[in-house]
**Q** 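Pasting a structure below so you can have a look.
Order of the sequence lines fixes the chain letters, A, B, ..., with proteins taken first and strands second; residue numbering starts at 1 for each chain. Just so you know, these numbers come straight off a predicted model, no measurement behind them.
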Protein chains: 4
Amino acid sequence: MFNVGIIGATGYVGIEIVRLLQNHPEINISTVVSHSFAGQKISDVYPNLKNVFDMECESLDIDKISEKADIFITALPHGISKEVIPKLIQRNKRVIDHSGDFRYKSVEVYEKWYNTKHGMPHLLDISVYGLPELYRDKIKDAKLVANPGCYPTCSILAIAPLLKNKLIKTKGIIIDAASGITGAGRNTTLPFQFCESSENFKAYKVANHRHTSEIEQELSFLANEEIMVSFTPHLVPMKRGMLCTIYADLACDKSAKEIIDIYKEYYKDEFFVRIMDEGKLPETKYVAGSNYIDIGIVVDERLSRVIVLSALDNLGKGASSQAVQDLNIMFGLPEHSGLTAPALYF
Amino acid sequence: MFNVGIIGATGYVGIEIVRLLQNHPEINISTVVSHSFAGQKISDVYPNLKNVFDMECESLDIDKISEKADIFITALPHGISKEVIPKLIQRNKRVIDHSGDFRYKSVEVYEKWYNTKHGMPHLLDISVYGLPELYRDKIKDAKLVANPGCYPTCSILAIAPLLKNKLIKTKGIIIDAASGITGAGRNTTLPFQFCESSENFKAYKVANHRHTSEIEQELSFLANEEIMVSFTPHLVPMKRGMLCTIYADLACDKSAKEIIDIYKEYYKDEFFVRIMDEGKLPETKYVAGSNYIDIGIVVDERLSRVIVLSALDNLGKGASSQAVQDLNIMFGLPEHSGLTAPALYF
Amino acid sequence: MFNVGIIGATGYVGIEIVRLLQNHPEINISTVVSHSFAGQKISDVYPNLKNVFDMECESLDIDKISEKADIFITALPHGISKEVIPKLIQRNKRVIDHSGDFRYKSVEVYEKWYNTKHGMPHLLDISVYGLPELYRDKIKDAKLVANPGCYPTCSILAIAPLLKNKLIKTKGIIIDAASGITGAGRNTTLPFQFCESSENFKAYKVANHRHTSEIEQELSFLANEEIMVSFTPHLVPMKRGMLCTIYADLACDKSAKEIIDIYKEYYKDEFFVRIMDEGKLPETKYVAGSNYIDIGIVVDERLSRVIVLSALDNLGKGASSQAVQDLNIMFGLPEHSGLTAPALYF
Amino acid sequence: MFNVGIIGATGYVGIEIVRLLQNHPEINISTVVSHSFAGQKISDVYPNLKNVFDMECESLDIDKISEKADIFITALPHGISKEVIPKLIQRNKRVIDHSGDFRYKSVEVYEKWYNTKHGMPHLLDISVYGLPELYRDKIKDAKLVANPGCYPTCSILAIAPLLKNKLIKTKGIIIDAASGITGAGRNTTLPFQFCESSENFKAYKVANHRHTSEIEQELSFLANEEIMVSFTPHLVPMKRGMLCTIYADLACDKSAKEIIDIYKEYYKDEFFVRIMDEGKLPETKYVAGSNYIDIGIVVDERLSRVIVLSALDNLGKGASSQAVQDLNIMFGLPEHSGLTAPALYF
């Protein structure tokens, strides 16, 4: 058994990682760290885990926890990662982080979109973008893995085969996305209150969501040219699930069937990427609770435009289970180890 | 008091019209017609109306009901309108219809998108598209008003000021839309069952929804050139409400503030169109249960693209209350008569 | 037009009163007071009211607001009522209050269940329990009306005819109740967050909810003997609506039909109490958004037990619209004035 | 690996069994039978299973499927079980059935509550009530296991320790229960449509639900005297989860703490029964998706009454995962094999 420590274990991303790892056949959770609930059993905070995983939360004492594992997963509120991660790296620990801080290759891009100094540009040099389908080989030996954002994961995997195969024009890509409310985390502000968000649908952070820059970075690498996209997130009155509806102008004369075949070939070795057959479209209930991403393709021949639809669980492939996928890679385990549960559907 | 008859009163659109009109200060419901529930009190079918509106449903006997009103509202399953409406027109009755059958100026476009013979092209000549903000003057004296679809209402009103003022390029408009489930009507098929649609989000009829052609017709009239759009509807796990997120490339160099001012000017006399101030965005809970449409504007200066967000109640301004607005116009009443209730918010 | 001021206008109870009164034919809102949003337009806090009711919120300056109305409605956080109400009464204003502070006839009972000193027992002498169906005559001239709690309204009206007609044993009454989440108010604590309360059902405050004592007080008055009840509230993942399922042992040998007739007779002059016919049961969607309470009766002959089911909108007849009903009585207006809207159903 | 066949695999109970067993370490699904979807891949009906479990559905050919397994699980529409099960038993197959047909010891009770002739009373003699916590030893060798109803499972396990230890009076037990909508199965009738059941709460089948008789049978066995209960089911706008709130008059003078200790002792060897500590109450989100049942205890000392709250997943411990638990027992496997997943919580 490999040991792993989870720092920020009682947030939504953290507790989902706990839920996944407590049942992992090869990995052992050796410590759970929570500032808010130090000294309490994690199953008192999340009683679904009673009798299943009752470990007591520790406070964040880097020296103490460092002894307990070689790899740590950090799922911390924005800003705190920067304090913790350098210390872990210094102690020669490997880290999978969930903040945006280590996802960028360009300090300038980060500082512009996050409107703050980065402060640790040297860590950007060693960090690897934790999207296994694109960076599996680098993740394997990475010291610091920056787990991608949920929207970027859902967008980049949906667009990659189009750019790699030069099927679309690189200008004018539009990503219209919608997420369940767990995307906001364990958040007690008013807009995420049941009575404010149930029976409601809205867009937010239109044209200025930080994930835009993360998507653009990776699409630019794939296309080998600078790409800019429109990205609009929406909030859906449901807990889990994310759908991206992506519009791009075709640069070729291919049918939906032909493009689907290209996708199937591109992802033929990917366990967690499911390409829908022609005429079928993804729905979030097919993926919620799992590590799968489903991708469907429609071609609008009238407009010579392709519409790609991709669905995943924002807490699954969009965060926690992708972290476990990365962890499997880092430990040299089969990539789907502990991750084979399908969505519940209902 | 003016008399009106409602044919198809127990569907979702019909019963919402009943709910609105039973409390209208100037209009009297003189008959409610329901094939499925003839002989039953409407408040037995919808017990919220008990003691409020207990009228008995009649079966569809055109001669008999013709004596009861001068204007009829029809909200019938697809295909049945065609049998009923010509007979009403023949008896010199005025009609507000909710089907797609009389919304088109071109028989060819209708027959292509609806994949059926129209059969009554002469009625297209006399029908008026029932969007008051565009066709108020024609609605006033119309014999036959075709109440617009919900998606077209939400899209057309959101785009009209851009096209009228030539602020955008006419190619490449994308309408990404999402609707609550009442949009499917009183529908008992599996996909609309609670356990299939709650906690789920999906797109449907991608690149082939009929409302595409209706939107294109009206946008083309506004732009005075042929316009084609991408239109993608999604289903949101909520009852009421619709949001359109619309992308268009700017043909000018205007800021969000400037465009908002143009919208405010364009709609300055419109009671039911509310333009959001800069930095504010519509949410469906602001309009659900009302006849308002809220419109917000964002300009993405990086991409020289405008994103318009519009929200309405698919059963309100998108169907039933818009029919009442049309009815007020046809009777020469103040347009907001009986329609001043705001959304419940929660 | 009569003037009324609303203190605590931006909470859920307050804003629902605003929504109802802004459209009232005889009553004018002359001031809205909000500590949190003083200086802001109420329609900036609740954008559903944009163009409908844009009054600016005032801060709580008793002298200043006292000039604006003769009756005030207070919907304040627990504890603050006690500071405000005596000052209003002193200035000879009439008040409808939503706290529990003035609902009790016995200081001891209040102090035991609320675990605090009352401090103003003299106000209990003049306060009237604002349940129109029981205290209409006293409400008419009351200086201080204590609007009942939502659970008590739903329970007391459901049980009153049984006790008044001595149809049940007074021992062993059980009230099992469930409420939508607006019952918790504009509350940002974790349990009411969407992801914590959606797809969840639970009981809370079992055997110790304060409303128990309020229900017992009124049932004891009705029965003319001391009555104690089991009361268990539950939280339903919906916004509005409340259902009580009440169990009592019959002290007579009557059928459901006979008991229903007794209820119909008992409530024959009550506009807002609807007794369901035999075999029909209330559902919250029949009343949500309205001031109606629906009551259904089942007799379990095997057990000689009656089960009464009562439904109302916790923000409607359970709070805000009942306050408006009281207000109508206090102003000598028809009791249903401004309150005739039925539930939306969907 | 042990082989099992699932008949009625595409209903909600059936597909949940498929989801659980496809990942079971010791059990292999050797055939899935579906009348409606014969010839289609099960992952075409439930696309969450794509790439996970793609087996093709067979039609119901008893001879053919009999060769594929020694144990069959039947989850069939009411009435069809009776045709299928005798034929399987005749072929010496063992069966776990989900209908009510084989849960009764008394033909008379069954025929009274189900209002139909039983027709196979000889099978009642060999059938075992599939509640492992009560009948583990008989299930082990049973030919025919009648998997309990969801409400009975949730009620009986919650009351058993009280009756076994004679802590309560046997008259006057009241079970007020609420279920998520999956309890209605893959049901396309109107009341279970999203727009009819979302934002709604109601009771149904008050005083006449069939599960009453099933609960009474088992409670009577436990108490060794005839017991009659009030049982009232409610429908909650959520997919999964069930909560019973049970009222009983104490026949002893014990505190909540003492009764909790008795429960902990009674269930000390039960993997799937979790007794909450004093002051903690079950919520459906703690169990949804799992095979756990959580039980909390409150004593109302004022009334000398105990209130027991029990929560489970109506599709889990209330149906499908309980069937897997039975299956484990029948195969001689560890009872929790394949069933250790906790609830998702959100």
**Q** Who among P342(A), P47(A), P282(A), G180(A) has the most heavy-atom pairs with chain D under 4.5 Å?
**A**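 So the answer, after comparing P342(A), P47(A), P282(A), G180(A), is P47(A).
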**Q** Quick check on L315(D) against chain A: is it the side chain, the backbone, both or neither that has a heavy atom closer than 4.5 Å?
**A**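 When you check distances to chain A, only side chain atoms of L315(D) fall under 4.5 Å.
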**Q** If every non-hydrogen atom of G289(D) is compared with every non-hydrogen atom of L344(A), which pair is closest and at what distance?
**A**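 The answer is CA-CD2, 4.2 Å.
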**Q** Counting C-beta onward and ignoring hydrogens, is there a side-chain heavy-atom pair between F346(A) and I15(D) closer than 4.5 Å?
**A**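 The answer is yes, as the side chains (C-beta and beyond) meet within the 4.5 Å cut-off.
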**Q** Which atom pairs, one donor and one acceptor, sit under 3.5 Å between chain D and chain A?
**A**
{"residue": "D44(D)", "atom": "OD1", "partner": "K280(A)", "partner atom": "NZ", "Å": "3.3"}
{"residue": "N48(D)", "atom": "O", "partner": "R274(A)", "partner atom": "NH1", "Å": "3.1"}
{"residue": "N48(D)", "atom": "ND2", "partner": "A343(A)", "partner atom": "O", "Å": "2.8"}
{"residue": "K50(D)", "atom": "O", "partner": "R274(A)", "partner atom": "NH1", "Å": "2.7"}
{"residue": "K50(D)", "atom": "NZ", "partner": "I275(A)", "partner atom": "O", "Å": "3.4"}
{"residue": "R240(D)", "atom": "NE", "partner": "F346(A)", "partner atom": "O", "Å": "2.6"}
{"residue": "R240(D)", "atom": "NH2", "partner": "F346(A)", "partner atom": "O", "Å": "3.0"}
{"residue": "R274(D)", "atom": "NH1", "partner": "N48(A)", "partner atom": "O", "Å": "3.0"}
{"residue": "R274(D)", "atom": "NH1", "partner": "K50(A)", "partner atom": "O", "Å": "2.7"}
{"residue": "I275(D)", "atom": "O", "partner": "K50(A)", "partner atom": "NZ", "Å": "3.3"}
{"residue": "K280(D)", "atom": "NZ", "partner": "D44(A)", "partner atom": "OD1", "Å": "3.3"}
{"residue": "A343(D)", "atom": "O", "partner": "N48(A)", "partner atom": "ND2", "Å": "2.8"}
{"residue": "F346(D)", "atom": "O", "partner": "R240(A)", "partner atom": "NE", "Å": "2.6"}
{"residue": "F346(D)", "atom": "O", "partner": "R240(A)", "partner atom": "NH2", "Å": "3.0"}

